[in-house]
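Just below is one structure, and these are the notes that go with it.
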Number of protein chains: 2
Amino acid sequence: MYAASQPKEQSFPQSDSIATAGIPGPHLVATYRSGQEIYAEGDAVEKCYQVATGAVRVYRLLSDGRRQVVSFHLAGEMFGFEAGATHRFFAEAITETRLAVFGRRPMQEHSRELLALALAGMARAQEHLLVIGRQCAVERIAAFLLDLSNRQGGIRQLRLPMSRQDIADYLGLTIETVSRVMTKLKDRSVIALRDARTVDIMRPDALRSLSN
Amino acid sequence: MYAASQPKEQSFPQSDSIATAGIPGPHLVATYRSGQEIYAEGDAVEKCYQVATGAVRVYRLLSDGRRQVVSFHLAGEMFGFEAGATHRFFAEAITETRLAVFGRRPMQEHSRELLALALAGMARAQEHLLVIGRQCAVERIAAFLLDLSNRQGGIRQLRLPMSRQDIADYLGLTIETVSRVMTKLKDRSVIALRDARTVDIMRPDALRSLSN
DNA sequence: CGATACTTTGAGTTTCTTCAACGATCGTGG
DNA sequence: CCACGATCGTTGAAGAAACTCAAAGTATCG
C-alpha cells in the first residue's frame with residue numbers, strides 16, 4: 001500500500017511464454033510486491049501492462065477517503081491504457097505480481113488491438129454499472145463471483161486474491177455486508193468457503209439465477 | 001418507447017455543418033421521434049451515430065424490468081460502437097432527435113478516431129462507476145447536473161431532455177429520491193427550477209463541493 | 001378542455017450502513 | 001516451534017439513507 005520502492009525489472013526476449021495479445025516486440029517484465037503501486041493518479045500514461053501472474057486493482061479515491069475499485073485484472077489481462085495523457089486512477093498489485101510492460105511505441109503501432117481492448121474495457125465498465133446501479137447486495141456478490149469464475153475459464157474453485165475491503169469497494173458495499181452475504185451464500189450451500197479467500201461454487205445455476 | 005416504425009432518412013452530402021469528429025464521407029441523417037428505438041439489444045453493430053440535435057439514452061433492462069441507463073448523448077456526441085458484433089444495450093431517442101449515421105466502413109477506416117472515442121467512453125463509464133458506487137443521492141445529482149453543464153460548455157441554464165425516471169435509472173436511484181433531492185437543492189438555492197425540466201445553476205461552486 | 005403522463009410530497013418500511021466486539025489467520029521473532 | 005502482534009474477517013445491534021406505496025398537484029397533447 002505504501003511501498004515506495006521501484007519494482008524489480010528484467011529485460012525480456014520477444015518469444016516468451018507469456019501470451020501478449022498479439023503485441024510483439026521486446027518488453028520488460030516487472031515484479032511488484034503485494035500492495036505495491038504500479039502507477040498513481042496524475043502519472044503520465046506511458047506504458048501498458050499485462051498481468052503474467054498475480055492480480056491488480058485499479059481504483060480512485062474521493063477526498064474523504066472513500067474508494068471505488070474500478071476493475072480487477074487477473075493473469076492474462078491487460079490494463080493501463082486511458083483516454084488522456086495522465087492517469088486518472090491508481091493501480092496496485094494485490095498480491096505478489098509479475099507484469100509484462102509495453103512502451104508507448106509498441107502500443108501505437110498496434111492501435112487495432114488497443115481499440116479492441118478499449119472497447120472491451122468500456123463494455124466491462126458498463127456491465128459493472130448495471131450491477132452497481134440496479135442490483136442488491138446478494139446479486140452483486142453473485143455477479144462478482146461468476147465473473148471471476150468466467151474470466152478464468154469457468155473454474156469452480158476460486159482463489160480470491162483480493163480482500164473483503166477490495167470486494168466491497170468494487171461493488172459499492174461495506175466490508176460487513178460483503179461478509180454477511182458470503183455467509184448467507186455459504187449457509188444456503190450456494191458456495192463453500194474453505195477459508196475466507198477460497199470459494200467453491202457449489203451450485204453455479206443458483207448463483208446465476210441470483211445474479212439475474 | 002414502443003415505436004416500431006422506421007426513422008425518416010435522407011441522403012446527405014459530405015460538407016455539412018455538422019461536426020463529424022474528423023470522420024468524413026457521405027452519410028445519412030435520420031430523424032427519430034421522441035421515444036423511438038435507434039437500436040436494440042441483440043441487433044448487429046453496423047453503424048455509428050452522432051447526435052445532431054436532440055438527445056439519446058443508452059440502457060439495459062433486467063429480466064424483472066429494472067433499468068440501468070448507461071449513458072446519455074447530447075448534440076455533437078457519438079455513440080453506437082461496442083465491443084462485440086451485437087449490441088448489448090438499447091438506444092432510444094429521448095426527444096425528437098436527428099442523428100448523423102456512419103456505416104461500418106467509414107468507421108473502420110478511422111480506427112484512430114474510434115480508439116479515442118472508445119477510450120473516452122471507457123473513462124466516462126468508469127467516472128460514472130465512482131458516482132454510483134460511492135456517492136450518496138445528493139452527490140449523484142450534483143455530479144449529474146455539473147456533468148450536463150460541462151458537456152455543453154459550462155452553461156448555467158440547463159434544459160433537461162430526460163425525465164426524472166431517466167435520471168433515476170442513470171444514477172441508480174428512484175424517481176422519488178431524484179425529485180426530493182432536486183427540491184432540496186432548490187430550497188437551498190443551489191439551483192432554481194423554472195419548471196421540472198429547466199434548471200438554473202445558481203451556485204456552481206456549491207454544486208461542485210456537493211459533488212465532491 | 002379533458003385525458004394522460006409526469007412530478008412532487010408524505011408516511012411507513014426495508015436494506016444497507018455504522019459502530020462495536022469478538023474470532024481467525026498470518027507472519028515474525030524469540 | 002510457539003508466542004505474539006497485527007491484519008483480516010465475522011457477527012450482532014442500532015441507526016440512517018433510500019425505497020415503496022399512496023395520493024395529490026402540474027404540465028402536455030390531442
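Order of the sequence lines sets the chain letters (A, B, ...), proteins ahead of strands, with each chain counted from 1. Heavy-atom basis, side chains included; hydrogens, waters and symmetry copies ignored.
For B:Thr174, counting side-chain heavy atoms from C-beta on, the closest listed nucleotide (C:dC16, C:dT7, D:dT20) is D:dT20. Nearest nucleotide to the A:Ala196 side chain, out of C:dC16, D:dG9, D:dC19: D:dG9. The side chain of A:Ser163 lies closest to D:dG9, out of C:dT8, C:dT17, D:dG9. Ranking C:dT8, D:dT10, D:dA18 by closeness to the A:Thr183 side chain, first place goes to D:dT10.
Between the P atom of D:dG9 and the CD1 atom of A:Ile167 lies a distance of 8 Å, rounded to the nearest Å. Atoms CZ (B:Arg33) and P (D:dG30) sit 11 Å apart, rounded to a whole Å. If you take CD of B:Gln165 and C1' of D:dA27, they are 18 Å apart, rounded to a whole angstrom. In this entry the distance linking CZ of B:Arg134 with P of D:dA17 reads 16 Å, nearest Å. Rounded to a whole Å, the CZ atom of A:Arg164 is 19 Å from the P atom of D:dT7. The distance from atom CD of B:Glu176 to atom C1' of D:dA22 is 10 Å, rounded to the nearest whole Å. Nucleotide C:dA24 holds its C1' atom 14 Å from the CD1 atom of A:Ile175, rounded to whole Å. What separates CE of A:Met162 from P of D:dT7 is a distance of 21 Å, to the nearest Å.
Using a cutoff of 4.0 Å between basic side-chain nitrogens and carboxylate oxygens, A:Asp147 and A:Arg124 are scored as salt-bridged. At a threshold of 4.0 Å, the pair A:Glu127-B:Arg60 counts as salt-bridged, since one of the basic side-chain nitrogens sits closer than that to a carboxylate oxygen. With salt bridges taken as basic N to acidic carboxylate O contacts below 4.0 Å, one links B:Glu77 and B:Arg151. A salt bridge is absent between A:Arg66 and A:Asp169; no separation between the charged side-chain nitrogens and carboxylate oxygens falls under 4.0 Å.
Under 3.5 Å, the side chain of B:Arg180 and the base of C:dG10 form at least one donor-acceptor pair of N or O atoms. A donor N or O paired with an acceptor N or O is not found under 3.5 Å between the base of C:dT15 and the side-chain atoms of A:Arg140.
Residue contacts for B:Arg197: at a heavy-atom cut-off of 4.0 Å it reaches the sugar-phosphate backbone alone, with no base atom in range.
Between A:Gln135 and A:Asp195, the one whose closest nucleotide on DNA chain C sits nearer the 5' end is A:Gln135. Of the two residues near DNA chain C, A:Ala137 and A:Arg194, the one whose nearest nucleotide lies more 5' is A:Ala137.
Between B:Thr177 and D:dC19 there is a side-chain N or O to OP1 or OP2 distance below 4.0 Å.
There is a side-chain donor-acceptor pair under 3.5 Å between A:Thr198 and A:Arg159.
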